[in-house]
There are 2 protein chains.
Amino acid sequence: MRPRNGAANQKGRSFIEAARRDQIVQAAIETLSELGYAKSSFARIAEHAGISAGLISYHFDNKSELFQQVVADINALMDGWLTEHIGEAASYREALQRLIEGFVLFCDSHRAHVLALGQVLAGVGGQENGELVRSQREQSVGQIEQMLREGQEHGEFRDFSPRLMAVTLLGSIEAIPAELFARPGTDVAAYAKELSMTYDLAVRRSRLSRITRG
Amino acid sequence: MRPRNGAANQKGRSFIEAARRDQIVQAAIETLSELGYAKSSFARIAEHAGISAGLISYHFDNKSELFQQVVADINALMDGWLTEHIGEAASYREALQRLIEGFVLFCDSHRAHVLALGQVLAGVGGQENGELVRSQREQSVGQIEQMLREGQEHGEFRDFSPRLMAVTLLGSIEAIPAELFARPGTDVAAYAKELSMTYDLAVRRSRLSRITRG
DNA sequence: ACCTGAACACCGTTCAAGT
DNA sequence: ACCTGAACACCGTTCAAGT
């Protein structure tokens with residue numbers, strides 16, 4: 001009974017279906033940020049959007065697909081924001097610093113989105129249907145890993161496993177939203193500076209090594 | 001209808017209730033590690049323990065209390081393991097390294113427990129009844145923060161916010177289990193070394209500073 | 001094609017009833 | 001005190017029925 005139509009736009013979806021999906025995703029984000037994952041049932045989300053619960057099942061294969069779309073939408077928003085914030089960095093060290101600081105600032109300026117994202121990542125994380133969520137995380141790891149590897153090849157970073165450092169950094173980054181919500185008064189700019197300094201010290205070539213290498 | 005008896009042992013619980021609670025918690029851990037959070041219903045856990053689902057509600061106020069007990073039990077196991085592994089460290093730098101390496105090794109040698117812990121932290125994390133879970137995390141942050149602060153006071157660590165560094169480190173640590181499960185072939189000893197090296201570089205006083213300080 | 005509302009199997013929790 | 005099994009309100013999903 002899922003819509004499989006021919007007259008469609010970008011992803012084989014009709015105009016009205018694309019609009020409904022958007023509406024439902026937005027309602028889900030609002031419900032998640034207001035009520036938390038546990039209470040974000042189809043009934044509540046539908047109520048929030050002014051539609052029937054059955055309509056959500058009509059437009060999404062299941063609950064998991066809906067929340068994956070939530071994650072995808074927020075990730076896309078974040079990607080655009082970070083790309084803009086990194087801009088043209090003069091070095092890999094600087095790019096890494098801007099990435100870290102940019103993420104802290106994004107968390108600060110998009111609290112509702114980040115809160116909703118945290119809710120769904122936590123709520124859906126352990127389940128088998130959270131496969132797409134895991135693959136999106138894997139993609140983030142891969143991007144950071146690539147950046148670290150290039151920095152090593154350009155001689156800016158010391159010798160470490162790019163994969164493990166990426167996982168380590170992503171862990172630190174993912175801890176930011178919870179901290180900002182736990183302590184709303186946190187000095188965000190200071191947090192950004194501290195975190196980027198911490199990882200600059202962790203990844204950069206040491207002074208002695210740089211002397212040795214020339 | 002919850003048991004409120006007088007003739008009891010350590011925590012106001014009768015012998016049989018303590019035994020039942022233990023049995024149920026163990027069954028929950030096994031169910032969590034085998035089926036994941038979403039499928040760990042009372043019905044499944046009770047089936048695993050050979051009792052009725054109603055009995056779980058009889059011994060625990062609600063689902064949240066059961067999973068909080070799961071977290072508490074595993075945390076206690078981990079605390080004992082880490083305390084033993086740290087032992088008598090000669091310095092704060094060494095203590096921090098042993099803590100990090102010890103945690104990686106614990107994750108490797110207690111996969112079922114760590115997997116269950118991850119499931120319940122993810123599943124219960126965003127909810128309002130996950131308050132006790134959050135407070136246990138806050139306690140972990142506090143312990144690491146305290147250790148970092150002392151290391152600073154002894155002149156071993158550079159000047160940073162102990163709170164933010166603790167949150168950053170805990171984030172990296174909490175990313176370990178997922179990585180070990182995502183890549184079962186990971187060289188655990190190498191992971192431990194890389195991570196402890198990374199944070200040693202991040203927190204230690206720089207060479208120039210040490211020369212300055214004497 | 002799009003949408004509703006009833007029906008279904010499940011969930012956590014309560015509670016009368018047994019021992 | 002300890003335990004069961006039926007009952008309750010809820011959940012996600014399905015589906016006949018409307019337009």
Mind pulling the stems DNA chain C is in, i.e. runs of at least three Watson-Crick or G-U pairs, everything under 3.5 Å?
-> C:4-8 with D:12-16, C:12-16 with D:4-8

Report the distance from atom CZ of A/Phe60 to atom P of C/dC2, rounded to the nearest whole Å.
-> 14 Å

All salt bridge (Lys or Arg N to Asp or Glu O under 4.0 Å) counterparts of A/Asp73, not counting sequence neighbours | none

Protein and nucleotides 4-6 of chain D: nitrogen or oxygen contacts under 3.5 angstrom:
{"unit_1": "D/dT4", "atom_1": "OP2", "unit_2": "B/Ser52", "atom_2": "N", "d": "3.2"}
{"unit_1": "D/dT4", "atom_1": "OP2", "unit_2": "B/Ser52", "atom_2": "OG", "d": "2.6"}

Using the salt bridge (Lys or Arg N to Asp or Glu O under 4.0 Å) rule, collect all pairs that involve residues 187-196 of chain B, keeping only residues at least two apart or in two chains.
-> B/Glu101-B/Lys193

Contact class for A/Ile16 (heavy atom, under 4.0 Å): base, sugar-phosphate, or nothing?
-> sugar-phosphate

Distances for protein N or O near nucleotides 10-12 of chain D N or O, under 3.5 Å:
{"unit_1": "D/dC11", "atom_1": "OP1", "unit_2": "A/Ser41", "atom_2": "OG", "d": "3.1"}
{"unit_1": "D/dG12", "atom_1": "OP1", "unit_2": "A/Phe42", "atom_2": "N", "d": "3.4"}
{"unit_1": "D/dG12", "atom_1": "OP1", "unit_2": "A/Lys63", "atom_2": "NZ", "d": "3.0"}
{"unit_1": "D/dG12", "atom_1": "OP2", "unit_2": "A/Phe42", "atom_2": "N", "d": "2.8"}

How many angstroms lie between atom CG of A/Leu66 and atom CD of A/Gln68, to the nearest 0.5 angstrom?
-> 9.5 Å

A/Arg21 CZ to C/dC3 P: how many Å, rounded?
-> 13 Å

Taking only residues two or more places apart in sequence or in another chain, which ones pass side-chain contact (heavy atoms from CB on, under 4.5 Å) with A/Glu174?
-> A/Arg137, A/Leu170

Between C/dA1 and A/His59, is there an OP1 or OP2 to side-chain N/O distance shorter than 4.0 Å?
-> no

Identify, with sequence neighbours excluded, every residue that meets salt bridge (Lys or Arg N to Asp or Glu O under 4.0 Å) alongside B/Arg20.
-> none

Output all residues satisfying side-chain contact (heavy atoms from CB on, under 4.5 Å) with A/Glu94, sequence neighbours left out; order by chain, then residue number.
-> A/Ala89, A/Ala90, A/Ser91, A/Arg98

Using side-chain contact (heavy atoms from CB on, under 4.5 Å) as the criterion, list what pairs up with A/Asp200, not counting sequence neighbours.
-> A/Arg93, A/Gln97, A/Arg204

Sorted by chain and residue number, the salt bridge (Lys or Arg N to Asp or Glu O under 4.0 Å) partners of A/Glu156 (sequence neighbours excluded) come out as none

Taking atom types as modelled, is there a side-chain donor on B/Ser161 or A/Tyr191 under 3.5 Å from an acceptor on the other?
-> no

Starting at atom CD of A/Gln23, determine the distance to atom P of C/dC3, rounded to an integer number of angstrom.
-> 9 Å

Report the residues that fulfil side-chain contact (heavy atoms from CB on, under 4.5 Å) with B/Glu34, sequence neighbours left out, ordered by chain and then residue number.
-> B/Glu30, B/His48

Taking only residues two or more places apart in sequence, or in another chain, which ones meet B/His110 in a ring pair (Phe, Tyr, Trp, His ring centres under 6.0 Å)?
-> B/Trp81, B/Phe106

